Amino acid sequence: MITFMNNSDSEEEPCNERTSLMSAESPPVPSYQDGLQASEAGEAQAHRKRRAGSSRGPNNIAGGEMSGSGAPVRESALENEEEELTLKYGAKHVIMLFVPVTLCMIVVVATIKSVRFYTEKNGQLIYTPFSEDTPSVGQRLLNSVLNTIIMISVIIVMTVFLVLLYKYRCYKFIHGWLILSSLMLLFLFTYIYLGEVLKTYNVAMDYPTLFIVIWNFGAVGMICIHWKGPLQLQQAYLIMISALMALVFIKYLPEWSAWVILGAISIYDLMAVLCPKGPLRMLVETAQERNEPIFPALIYSSAMMWTVGMAKPDTAARGPSQQTWDAAEDGREHLRSPSHAESQMSERRNPVPTRPVTSLEELEEEERGVKLGLGDFIFYSVLVGKAAATASGDWNTTLACFVAILIGLCLTLLLLAVFKKALPALPISITFGLIFYFSTDNLVRPFMDTLASHQLYI
Amino acid sequence: PAFGLFIFTIARDPLRIIILIAGAFFWLVSLLLSSLIWFIAVKASDPQDERLQKGLLIFGVMFSVLLQEAFRFLYYKLLRKAIEGLVALSEDGCSPISIQQMAYVAGVGFGLMSGAFSMINLLADALGPGTVGIHGDSQLYFLTSAFMTMVLIFLHTFWGILFFHGCEHRRWWEIAAVVIMHLAVSGSSFCNPLYVGSLVPSYLLMVAAAAWAYLLSGGSAQNVRRFLLCKC
């Protein structure tokens with residue numbers, strides 16, 4: 001693995017690009033989760049009032065962009081109604097996000113538990129140069145903090161770079177970069193993963209078969225993600241690459257650094273999305289101004305649109321508000337289209353993408369889709385995977401982190417509907433996850449162990 | 001069986017899934033707090049004293065039961081607010097999910113989480129090699145754990161229904177009954193490994209709670225008979 005490590009430059013680059021892109025991408029657009037409201041209905045009434053004010057907000061946000069974009073169309077009684085309709089379907093969207101997040105986590109946990117490769121320490125990323133094998137606690141802490149700083153600054157640099165490229169319309173470059181990194185992910189990491197899994201289960205596979213399998217997998221993946229393909233296949237691929245990425249992180253990030261990085265990333269996410277000068281915000285705004293879709297490879301979409309509506313600039317030309325109106329016969333669709341396209345969840349950096357998509361939605365009665373950035377998938381899975389790998393309480397801790405992350409996701413979606421502007425998806429979930437991880441590991445575990453040994457039940 | 005319940009009744013409706021996960025979360029938080037208390041108590045006491053430790057454990061268990069019920073109550077409050085919001089938001093003025101359904105789902109959420117926490121490490125260990133009860137403990141450890149967990153999950157479900165019903169209609173004695181039952185079940189588990197002492201009362205209580213919850217939900221002996229006769 002040392003050679004792997006040395007190669008890491010090229011390999012890590014895509015990793016980082018991916019993460020940074022992802023983080024950069026999604027302006028945490030509030031996933032349009034009106035539906036989610038349902039369970040948190042308490043605020044609903046308050047929302048309604050706010051909603052009347054913000055009119056298109058959610059719809060635009062559906063596009064996931066900044067609330068700003070929604071501004072013009074607002075005030076209409078119709079919107080209020082539409083919003084109500086939207087709210088009804090919110091729960092469905094939440095589930096549409098739950099399922100892929102759960103799947104990704106399951107894949108990561110299953111791999112961690114069974115394949116030993118991913119828990120061995122075989123070196124570190126060049127982005128985290130400080131080792132944690134130091135004798136003293138203070139030194140270790142210092143090293144992990146330094147690692148974190150380096151990692152975060154790399155991500156920031158990448159993000160800013162991406163935003164600049166986007167601003168200056170160097171689309172070809174961005175696309176090339178994305179294609180390169182997804183190529184790397186799809187082929188190289190899958191090869192390694194497959195190799196390790198086969199090793200674990202002692203299954204022999206000859207090289208030609210391996211080559212064919214990986215070639216097919218990678219080629220179809222490239223097509224699905226970057227071009228057109230059946231929605232479910234695309235979703236499956238995105239989940240798989242998120243899982244692979246998360247596994248890489250779990251393997252190569254040293255213990256304490258991983259936790260500190262998780263915490264720092266959620267803070268960074270919060271700032272990058274909410275501060276006026278944050279890179280993500282700028283990206284979203286720019287994309288909104290130009291009415292362009294955001295890079296397809298970095299967002300998970302649960303809606304049907306990609307196949308039909310890949311960023312066509314002319315269709316995108318219609319503003320979000322128009323899209324709302326364009327859609328469908330009845331108010332429902334009006335509501336739907338925008339929310340659909342726009343419901344990007346805190347995908348960090350990809351604010352805009354769905355606009356064009358929405359315009360196409362008029363043709364079909366679609367369900368609202370929700371979009372979530374891949375970076376969020378990755379970091380959720382890293383948290384749960386680390387819990388599975390390193391917690392001595394084993395499954396209890398993993399389960400607790402899993403529930404915590406899901407609840408964080410729910411709350412974030414709810415907040416999205418409340419605030420109707422881009423919000424980061426990471427902070428709440430990761431905070432809950434971290435709290436639950438540490439508390440379950442240290443507090444609950446001894447309690448449960450003692451209970452179990454006496455076979456007491458609470 | 002609990003998973004069967006989940007798949008057949010909850011997995012269809014996304015709203016219910018959310019309520020389920022939230023219920024599990026609340027249980028988890030209550031567990032967290034109670035283990036925090038226990039942990040502090042243990043740390044503050046003498047680790048060598050067996051009886052004290054046992055006593056602290058019992059105290060921890062009771063406290064945890066009380067906390068669970070307290071969180072169930074909090075959850076009930078939250079769901080009440082949610083229902084009001086849902087009703088306000090829905091187009092035809094009635095909520096897409098009734099409070100009873102919510103009670104059921106909340107109960108299942110609690111139960112699943114508590115069952116998972118009780119069983120899952122056991123299951124993981126059960127996959128590996130080993131002999132049950134090698135140190136002179138009961139050989140039926142796994143079996144009884146499984147049954148006990150199942151009964152607890154069901155009990156949580158029924159308690160959820162009873163509890164919410166009691167809160168709805170302001171019948172405090174129902175709530176008190178739930179709390180007492182919970183304490184009784186936990187207490188009976190202290191008789192382990194004398195399994196007769198714990199499993200049997202728990203099952204009896206479960207049957208009682210089931211019948212009660214069924215009656216509360218509008219069922220009746222007639223319904224049961226009709227159901228059975230139709231199917232046969």
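Because the structure is a prediction, the values reported are computed rather than measured. Note on naming: letters A, B, ... go to the chains in the order of the sequence lines (proteins, then strands), and numbering restarts at 1 for each one.
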If you round to the nearest 0.5 Å, how far is [atom2] of [Y] from [atom1] of [X]?
{"X": "L406(A)", "Y": "I18(B)", "atom1": "CG", "atom2": "CD1", "value": "10.5 Å"}
{"X": "I407(A)", "Y": "F26(B)", "atom1": "CD1", "atom2": "CZ", "value": "8.0 Å"}
{"X": "L28(B)", "Y": "N396(A)", "atom1": "CG", "atom2": "CG", "value": "9.0 Å"}
{"X": "L32(B)", "Y": "I435(A)", "atom1": "CG", "atom2": "CD1", "value": "9.0 Å"}
{"X": "L36(B)", "Y": "S439(A)", "atom1": "CG", "atom2": "OG", "value": "9.0 Å"}

Inset, instruction - For the pair F436(A) and V29(B), evaluate side chain to side chain contact (heavy atoms under 4.5 Å, CB included) and give the outcome as yes or no after the intermediate values. - result: CA-CA 9 Å; F436(A) 270 81; V29(B) 174; 3.7 Å; yes
Inset, instruction - Please work out whether the ring planes of F25(B) and F432(A) are parallel, tilted or perpendicular, with thresholds of 30° and 60°. - result: parallel
Inset, instruction - Examine whether an atom of F39(B) lies under 4.5 Å from a heavy atom of chain A, and if so say whether it belongs to the side chain, the backbone or both; otherwise answer neither. - result: side chain
